[in-house]
Amino acid sequence: MSDCLFCKIVSGEIPATKVYEDETVLAFRDIAPQAPVHVLVIPKVHIPSAAAITQENSAVVAHCFEVIAQIAAAEGLDNGFRVVSNCGPHAGQTVSHLHFHVLGGRQLALEMA
Ligand code: AMP
């Protein structure tokens with residue numbers, strides 16, 4: 001998607017602080033961190049949101065979660081962490097490319113909404 005911010009990070013058109021990259025998944029630090037560790041894990045392929053996950057594209061989503069576990073270990077999040085994916089306007093999704101926020105490094109608030 002030529003006008004997608006995260007596709008531009010995947011292509012290198014926009015810089016990011018990468019913490020992990022392989023053929024199908026990229027992880028980079030959030031530009032406005034909400035916790036001491038705030039990493040975004042994305043599939044390189046453009047999937048607009050969690051609402052667009054299908055049997056055809058879900059393998060990369062599973063791989064995202066393998067990467068999340070690796071990143072959590074590498075970042076020392078031994079006391080736990082949170083994985084969040086905002087989907088659509090009611091959830092406050094601002095970038096229409098599926099991404100998983102990995103938040104940790106301090107005690108997080110318990111509120112879910
Ligand atoms: P969401 O609001 O759930 O769609 O999350 C989008 C996230 O992308 C926000 O936490 C932003 O701070 C983050 N973000 C926006 N632009 C960039 C960027 N250029 N590099 C890294 N993170 C970004």
Side-chain angles (χ1 to χ4, degrees):
M1 286 268 296
S2 57
D3 61 345
C4 169
L5 174 65
F6 287 175
C7 284
K8 288 179 179 172
I9 288 178
V10 169
S11 71
E13 196 178 329
I14 291 177
T17 305
K18 297 177 184 178
V19 298
Y20 177 91
E21 182 168 19
D22 65 24
E23 281 185 3
T24 59
V25 171
L26 177 66
F28 51 94
R29 298 202 187 277
D30 197 291
I31 203 168
Q34 305 297 309
V37 174
H38 188 171
V39 172
L40 300 174
V41 179
I42 70 170
K44 287 187 170 179
V45 65
H46 184 83
I47 300 172
S49 76
I53 297 170
T54 64
Q55 200 168 21
E56 284 67 42
N57 64 23
S58 61
V60 72
V61 178
H63 187 44
C64 282
F65 278 83
E66 295 170 13
V67 169
I68 286 168
Q70 289 177 35
I71 290 170
E75 297 284 330
L77 301 179
D78 305 331
N79 287 324
F81 58 93
R82 183 168 291 158
V83 181
V84 174
S85 188
N86 294 317
C87 179
H90 274 189
Q93 183 179 7
T94 60
V95 179
S96 294
H97 182 126
L98 179 64
H99 52 283
F100 299 100
H101 298 258
V102 180
L103 298 148
R106 65 165 165 78
Q107 183 66 53
L108 300 168
L110 292 176
E111 290 82 28
M112 291 292 287

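Just follow the structure's listing: the first ligand is 1, and inside any ligand the first atom is 1.
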Salt bridge (Lys or Arg N to Asp or Glu O under 4.0 Å) partners of R82, counting only residues at least two apart: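 Listed in chain order: nothing, the list is empty.
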Which class fits the ring pair H38 and H101: parallel under 30°, tilted 30 to 60°, perpendicular over 60°?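 It falls in the tilted class, 30° to 60°.
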Kindly write out the residues that satisfy side-chain hydrogen bond (donor to acceptor under 3.5 Å, both in side chains) with E75, not counting sequence neighbours, or none if the list is empty.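 E75 satisfies side-chain hydrogen bond (donor to acceptor under 3.5 Å, both in side chains) with R29 once adjacent residues are dropped.
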Could you work out, with side chain to side chain contact (heavy atoms under 4.5 Å, CB included) as the rule, every residue matching A52, not counting sequence neighbours?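 A52: side chain to side chain contact (heavy atoms under 4.5 Å, CB included) contacts with I47, P48.
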Only one of L26, V102, D30 clears side-chain contact (heavy atoms from CB on, under 4.5 Å) with L40; which?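 Result: among L26, V102, D30, D30 is the only option passing the side-chain contact (heavy atoms from CB on, under 4.5 Å) with L40.
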Have a look at F100 and tell me which of F65, F28, F81 forms a ring-ring contact (aromatic ring centres under 6.0 Å, His included) with it.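 When F65, F28, F81 are each tested with F100, the ring-ring contact (aromatic ring centres under 6.0 Å, His included) holds only for F65.
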Between ligand 1 and the protein, which N/O pairs are shorter than 3.5 Å?
residue  : atom   : partner : partner atom : Å
ligand 1 : 2 (O)  : G92     : O            : 3.3
ligand 1 : 2 (O)  : T94     : N            : 3.4
ligand 1 : 2 (O)  : T94     : OG1          : 2.8
ligand 1 : 3 (O)  : N86     : ND2          : 2.8
ligand 1 : 3 (O)  : H99     : NE2          : 3.1
ligand 1 : 3 (O)  : H101    : NE2          : 2.8
ligand 1 : 4 (O)  : T94     : N            : 2.7
ligand 1 : 4 (O)  : T94     : OG1          : 3.2
ligand 1 : 4 (O)  : V95     : N            : 3.1
ligand 1 : 4 (O)  : H99     : NE2          : 2.9
ligand 1 : 5 (O)  : H99     : NE2          : 2.9
ligand 1 : 5 (O)  : H101    : NE2          : 3.2
ligand 1 : 10 (O) : D30     : OD1          : 3.3
ligand 1 : 10 (O) : D30     : OD2          : 2.5
ligand 1 : 12 (O) : D30     : OD1          : 2.5
ligand 1 : 22 (N) : I31     : N            : 3.1

